[in-house]
Amino acid sequence: MAQQQAAPVAVVTGANRGIGEEVVRQLADRGHLVVLGSRDRAKGESAAARIDPGGERVTAVQLDVADPASVTAMGEWVADRYGRADVVVNNAAILYDTWAQARTADLAEVQRALDTNLFGAWRVTQALLPLLERSPRPRVVNVSSEGGSLASMSGGTPAYSVSKASLNALTCLLAGELRRYGVLVNAICPGWVATDMGGHGGRPVREGAAGIVWAATLPDNGPTGGFFRDGVRVPW
Ligand code: NAP
């Protein structure tokens, strides 16, 4: 009898609402077992129940990416519960600071953005690396933004832009270092999406999430160390 392949395990951060919630839904639909990270446990459990009322594919876990103890606890919980992790989607982010300018920016605010948008993704990836390196098909997706593209950066949203440019740099470093383990690491811009962060007028979460799920489910010969929107390369 052919050996059945275990369902891949995916961890999605900041997944109690917005694009993250939709990424969980789409990965669960594709047969992944999904760990829905939420800094508020009750909100995470509500989102998990919306997506998977039977609790067969989606499980909420308390995860504040800005809190090292919470990230460590999540890594241990995933190791105990599943013994594996195949996909990490670093989606959690804050502070789209449209009101600010680099020349007068409140640096404490910039630091707060870095702690979640850069160090949060870095911490979560490090916590899951021992599991990812053993996975047959490991993928890391850093949800970035063209707001972090150096090619078009010309002022405004300093905390957010610097944090996303830094996340892009981390993407390149990890992709190079993890290539030998077959880990594909990419930065994805979801485009302008109608969420609490994106506001009205953006495209539906379904479309923004699709490009992220594309990167989470790349074949083994897929790209690594790239920056994409809707599966198409965009300039760093
Ligand atoms: P959103 O609606 O504001 O949702 C952000 C999510 O991140 C929430 O679940 C929030 O949890 C969570 N979060 C924030 N800080 C966290 C922390 N320390 N630990 C864990 N979770 C945390 O944002 P979104 O529009 O869905 O954005 C998702 C991703 O897409 C972000 O990386 C964003 O930068 C990127 N993006 C969005 C757009 C857009 O147009 N929407 C465009 C480009 C890129 P709480 O509910 O607890 O606050």
Side-chain angles (χ1 to χ4, degrees), residues 11-26 34-48 50-51 60-75 88-98 109 111-125 127 140-149 152-153 156-168 170-171 186-216 227-230 234:
V11 176
V12 184
T13 72
N16 53 288
R17 61 188 167 100
I19 295 169
E21 178 180 348
E22 179 61 20
V23 169
V24 172
R25 183 173 288 108
Q26 292 187 18
V34 192
V35 177
L36 184 158
S38 170
R39 57 181 162 178
D40 181 304
R41 184 186 297 278
K43 286 182 187 167
E45 283 168 357
S46 303
R50 282 196 292 277
I51 299 167
V61 67
Q62 195 282 333
L63 176 59
D64 180 344
V65 303
D67 174 2
S70 169
V71 174
T72 302
M74 176 279 299
V88 178
V89 178
N90 287 308
N91 167 78
I94 54 169
L95 257 168
Y96 186 52
D97 52 338
T98 49
E109 199 161 73
Q111 207 155 15
R112 211 156 59 76
L114 286 169
D115 203 28
T116 295
N117 303 0
L118 170 66
F119 293 115
W122 206 331
R123 273 182 202 109
V124 168
T125 307
V140 174
V141 185
N142 291 330
V143 181
S144 186
S145 164
E146 282 175 274
S149 171
S152 54
M153 212 177 276
T157 60
Y160 189 76
S161 299
V162 167
S163 72
K164 293 297 189 182
S166 308
L167 181 65
N168 287 354
L170 176 67
T171 302
N186 290 292
I188 302 298
C189 173
W192 179 28
V193 181
T195 60
D196 294 337
M197 181 186 282
H200 296 294
R203 61 187 184 158
V205 282
R206 181 175 30 83
E207 290 177 19
I212 296 167
V213 170
W214 169 82
F227 187 20
F228 298 90
R229 177 169 28 84
D230 298 332
V234 291

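Residues take their numbers from the sequence shown, with the count starting at 1. Ligands are counted one by one from 1 in listed order, and the atoms in each one are counted from 1 as well.
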Looking at every non-hydrogen atom in both residues, tell me the closest pair between N117 and A93 and how far apart they are. OD1-CA, 3.2 Å
How close does the nearest protein non-hydrogen atom get to atom 5 (C) of ligand 1, and which residue and atom is it? A93 O, 3.9 Å
Taking all atoms of both residues into account, what is the closest heavy-atom pair of M153 and S161, and its distance? CE-O, 3.8 Å
For D196, the ligand 1 atoms with a heavy-atom partner under 4.0 Å come out as 2 (O)
So is G191 touching ligand 1 or not, going by heavy atoms under 4.0 Å? yes
Within-cut-off N or O pair, T195 and ligand 1, under 3.5 Å: yes
Nearest heavy-atom pair of S166 and L114: which atoms, and what distance? OG-CD2, 4.0 Å
Does an N or O anywhere in S145 fall below 3.5 Å from an N or O of ligand 1? no
Calculate, to the nearest 0.5 Å, the distance between atoms CG and CG belonging to L170 and N90 respectively. 8.0 Å
For W192, counting its heavy atoms only, list the atoms of ligand 1 lying under 4.0 Å from any of them. 40 (O)
What part of S144 sits under 4.0 Å from ligand 1 if we count only heavy atoms: the side chain, the backbone, both or neither? backbone
Polar contacts were defined as any N/O atom of the residue lying under 3.5 Å from an N/O atom of the ligand; does this apply to D40 and ligand 1? no
Heavy atoms only: which of K164, R39, R17 is nearest to atom 4 (O) of ligand 1? R17
Region of Y160 engaging ligand 1 - heavy atom pairs below 4.0 Å: side chain
Could you tell me the separation between the OG1 atom of T157 and the NZ atom of K164, rounded to the nearest 0.5 Å? 11.5 Å
Have a look at N91, T13, N16 and point out the one with the heavy atom closest to atom 9 (O) of ligand 1. N16
Closest heavy-atom contact between V12 and G20? CG1-O, 3.9 Å
Quick one: nearest non-hydrogen protein atom to atom 21 (N) of ligand 1, plus distance? A92 CB, 3.5 Å
N or O pair under 3.5 Å between G14 and ligand 1: yes
At under 4.0 Å between heavy atoms, is it the side chain or the backbone of L63 that contacts ligand 1, or both, or neither? backbone
Of all protein heavy atoms, the one nearest atom 23 (O) of ligand 1 is M197 CB, 3.5 Å
Region of I94 engaging ligand 1 - heavy atom pairs below 4.0 Å: side chain
How long is the span from the CD atom in E146 to the CH2 atom in W192, to the nearest 0.5 Å? 14.0 Å
for atom 30 (O) of ligand 1, nearest protein heavy atom and its distance come out as V143 CG1, 3.3 Å
Just jot down the ligand 1 atoms closer than 4.0 angstrom to any heavy atom of G18, in number order. 26 (O)
Where is the tightest heavy-atom contact between N16 and R50, given as atom of each residue plus distance? O-NH2, 3.2 Å
For A66, the ligand 1 atoms whose distance to one of its heavy atoms is below 4.0 Å: 18 (N)
d(S149 OG, F227 CZ) to nearest 0.5 Å is 5.5 Å
Spacing of CZ belonging to R17 relative to CE belonging to M197, to within rounding of 0.5 Å: 8.0 Å
Could you identify the single nearest non-hydrogen protein atom to atom 40 (O) of ligand 1 and state the distance to 0.1 Å? V193 N, 2.8 Å
D64 bridged to R123 by N-O distance under 4.0 Å: no
Point-to-point distance, once rounded to the nearest 0.5 Å, from CG of L95 to CD of Q111: 12.0 Å
Quick one: does I188's side chain get under 4.5 Å of V143's, heavy atoms only? no
How far is atom 18 (N) of ligand 1 from its nearest protein heavy atom, and which residue and atom is that? D64 OD1, 2.9 Å
Might you point out which heavy atoms bring A60 and E45 nearest each other, and give the distance in Å? CB-N, 3.7 Å
N/O to N/O below 3.5 Å, does that happen between P190 and ligand 1? no
Using heavy-atom distances only, which candidate in V12, I19, V65 approaches atom 19 (N) of ligand 1 most closely? V65
